[in-house]
*Asks:* 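Dropping a structure here in structure tokens format, bear with me for questions.
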Amino acid sequence: MKRKFLPVLALSLLLSACTAPIQPTPTSEPTSVPQANETLLAMDTVMQLTVYGDNATAALSAAKSEILAMENRLSVTLEGSDIWKLNHSEGQPVTVGDDAVFLLETARDLGDKTGGALDVTLYPVVKAWGFTTGEYQIPPEDTIASLLGRVDYTALSWEGNDVTLPAGMEMDLGAIAKGYAGERAADILRDNGVTSALLNMGGNVQTVGAKPDGTAWRIGIRDPQKSATDYLGVLSVIDQAVVTSGGYERFFEEDGVRYWHIMDPKTGAPARSGLTAVTIVSHSGALCDGLSTSLFVMGLEKASDYWREQGDFEAIFINEENEVWITPGLRDSFSLTQNSGYTLHIVEE
């Protein structure tokens, strides 16, 4: 049995020397605008933060501190974090911070609306496949079946900040925490007077306002079939979050089959929905993060129905037939690159 391990480090910009699922395209900013930059490793990815304005340095420092503090509170592996304590609580209530409660409420809402396509208690299954350790494997069917018996986000309960996770279950807020961290960092920048910033957080991009010259940020959307520096289209946004989930982010191959980290809670296996990547655009980073994962699991038809029902976000769906489907709100802000090899379609309203 031949196994090929291909973990992918999740972040970079065309503006710099890293790799990213979402890539801000090259641009030159006015040199007269004060600028502060920071590169940090947090939430299991490399982040590149760029802030403009007279208060850029102080504001960036405050935003960075919040991101690191959130990692300390929400990490699934860091001993003493809220999530670590819940996973070691043996069914006893744990008092957690406001961030954890907010994300639990958000995850519960998205889980309900997507028919369980997002389930924060799927962590033991993801771990069994080796995506948390790098020791990749295809778990036996009976192992998956046993683990799925302990997957049920509705079993989580809380009253105020006291949360109870049933004994034998484990959870992880990673599907929405990074998007929320970007959202919170952007709020802090705005509170500090910043009107222009670009936060690249490894598959997640959060923008504050427009570029310093007043034009939209141009975000390159990666071609799922090619390297991290190849993108099939460009998306223009102002003051929004852009989050992509794709099968190329973290995966391994065995006997010519690719197994990626985006799991279907119903099967306990990598989601096979016909989609290769999903990008969500919204003012809420947490919403973008959660939907990019859950709509990937649901597939194009169900994801399109969900968009029609909810209507509070825009989306780009890339499928295995080299088709790109966009929601109508992106008609004037997204375009395919020349000779991309993809065909562009608009999701019907």
Side-chain angles (χ1 to χ4, degrees), residues 6-25 37-51 60 63-78 83 103 126 131-134 172-186 189 197-208 217-224 226-231 235 237 240-251 260-263 276-282 284-294 296 316 318:
L6 295 167
V8 177
L9 183 63
L11 189 321
S12 77
L13 301 176
L14 290 182
L15 291 174
S16 67
C18 311
T19 63
I22 301 178
Q23 307 158 347
T25 59
N37 301 280
E38 182 77 47
T39 299
L40 68 149
L41 178 63
M43 296 187 169
D44 198 31
T45 193
V46 179
M47 300 184 180
Q48 295 175 322
L49 316 178
T50 304
V51 180
L60 177 55
K64 174 186 174 182
S65 295
E66 177 64 8
I67 291 170
L68 294 175
M70 288 188 65
E71 178 179 32
N72 289 334
R73 295 192 294 266
L74 301 173
S75 169
V76 69
T77 57
L78 186 62
I83 308 308
L103 290 177
V126 178
F131 287 109
T132 63
T133 63
D172 179 17
L173 292 175
I176 54 177
K178 191 165 57 173
Y180 179 59
E183 186 178 334
R184 285 288 301 122
L189 293 177
L198 175 69
L199 311 180
N200 187 324
M201 306 174 72
N204 296 33
V205 171
Q206 180 82 45
T207 65
V208 175
W217 302 100
R218 288 168 53 80
I219 310 298
I221 304 301
R222 175 176 169 177
D223 186 334
K226 297 182 180 179
S227 71
T229 56
D230 290 305
Y231 52 101
L235 174 69
V237 298
Q240 290 181 306
V242 182
V243 178
T244 290
S245 289
Y248 53 79
E249 294 174 288
R250 200 181 321 149
F251 63 89
W260 46 67
H261 75 291
I262 305 174
M263 295 282 159
T276 56
V278 173
T279 296
I280 304 297
V281 184
S282 169
S284 168
L287 178 68
C288 287
D289 217 355
L291 285 180
S292 68
T293 299
S294 53
F296 184 103
I316 301 171
I318 305 170

*Asks:* Salt bridge between E249 and R222, side-chain N to carboxylate O under 4.0 Å?
*Replies:* no
*Asks:* Going through the distances and angles, do T77 and I83 end up as a side chain to side chain contact (heavy atoms under 4.5 Å, CB included)?
*Replies:* CA-CA 8 Å; T77 57; I83 308 308; over 6 Å; no
*Asks:* Within a strict 4.5 Å, meaning less than it, do heavy atoms of the I67 and M47 side chains meet?
*Replies:*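 When only atoms from C-beta onward are counted, M47 and I67 do touch, with a gap below 4.5 Å.
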*Asks:* Work out which heavy atom in A241 is nearest to a heavy atom in G285; give both atom names and the distance.
*Replies:* CB-CA, 3.8 Å
*Asks:* Taking atom CZ of F131 and atom CH2 of W260, what is their separation to the nearest 0.5 Å?
*Replies:* 10.0 Å
*Asks:* For the pair Y231 and D223, evaluate side chain to side chain contact (heavy atoms under 4.5 Å, CB included) and give the outcome as yes or no after the intermediate values.
*Replies:* CA-CA 5 Å; Y231 52 101; D223 186 334; 6.0 Å; no
*Asks:* Which heavy atom of H261 sits nearest a heavy atom of G246, and at what distance?
*Replies:* CE1-O, 4.1 Å
*Asks:* Are side-chain N/O atoms of T229 and S227 paired as donor and acceptor at under 3.5 Å?
*Replies:*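 Distance-only check passes for T229 and S227.
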*Asks:* Closest heavy-atom contact between G182 and M201?
*Replies:*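 Nearest heavy atoms, G182 then M201: CA-SD, 3.3 Å.
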*Asks:* What's the shortest heavy-atom distance between L60 and E38, and which atoms?
*Replies:*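 Closest approach of L60 to E38, heavy atoms only: CD2-CB, 3.7 Å.
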*Asks:* I want to check something: taking the side chain as every heavy atom from C-beta on, are T39 and L49 in contact at a cut-off of under 4.5 Å?
*Replies:* no
*Asks:* Looking at every non-hydrogen atom in both residues, tell me the closest pair between T244 and A277 and how far apart they are.
*Replies:*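 Here T244 and A277 meet closest at CG2-CB, 4.5 Å.
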*Asks:* Is the shortest side-chain heavy-atom distance between V126 and D172 below 4.5 Å?
*Replies:*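 They are not in contact (no side-chain heavy atoms under 4.5 Å apart), so the answer is no.
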*Asks:* Does the side chain to side chain contact (heavy atoms under 4.5 Å, CB included) test come out yes or no for L78 and E71, once each step is laid out?
*Replies:* CA-CA 9 Å; L78 186 62; E71 178 179 32; 5.5 Å; no
*Asks:* With side chain to side chain contact (heavy atoms under 4.5 Å, CB included) as the test, would you mind laying out the steps for V243 and T279 before giving the verdict?
*Replies:* CA-CA 5 Å; V243 178; T279 296; over 6 Å; no
*Asks:* For a 4.5 angstrom cut-off between non-hydrogen side-chain atoms, does L199 reach V205?
*Replies:* no
*Asks:* Without swapping roles, check the side chain of S292 against the backbone of I280 for a donor-acceptor pair under 3.5 Å.
*Replies:* no
*Asks:* State, yes or no, whether a side-chain contact exists between D289 and Y180 at a heavy-atom distance under 4.5 Å.
*Replies:*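 Contact flag for D289/Y180 side chains = no.
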*Asks:* Between M43 and M70, is there a side-chain heavy-atom distance shorter than 4.5 Å?
*Replies:* yes
*Asks:* Answer yes or no: is there a donor N or O on one side and an acceptor on the other, between the side chain of S282 and the main chain of L287, under 3.5 Å?
*Replies:*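 Absent.
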*Asks:* Can you tell me if S284 and E183 form a side-chain donor-acceptor pair at under 3.5 Å?
*Replies:*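 Checked: S284/E183 side chains pair up, N/O donor to acceptor below 3.5 Å.
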*Asks:* If we only count heavy atoms from C-beta on, is the I262 to S245 side-chain gap below 4.5 Å?
*Replies:*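 Of all side-chain heavy-atom pairs linking S245 with I262, at least one is under 4.5 Å.
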*Asks:* Which distance, rounded to the nearest 0.5 Å, do you find between the OG1 of T207 and the CG of N200?
*Replies:*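 Result: 11.5 Å between the selected atoms.
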*Asks:* Can you confirm whether V242 sits close enough to L235 that some side-chain heavy atom of one is under 4.5 Å from a side-chain heavy atom of the other?
*Replies:*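 A side-chain contact under 4.5 Å exists here.
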*Asks:* So, for V208 and W217, which heavy atoms are closest and what is the spacing to 0.1 Å?
*Replies:*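 In terms of heavy atoms, the two residues are closest at O-NE1, 3.9 Å.
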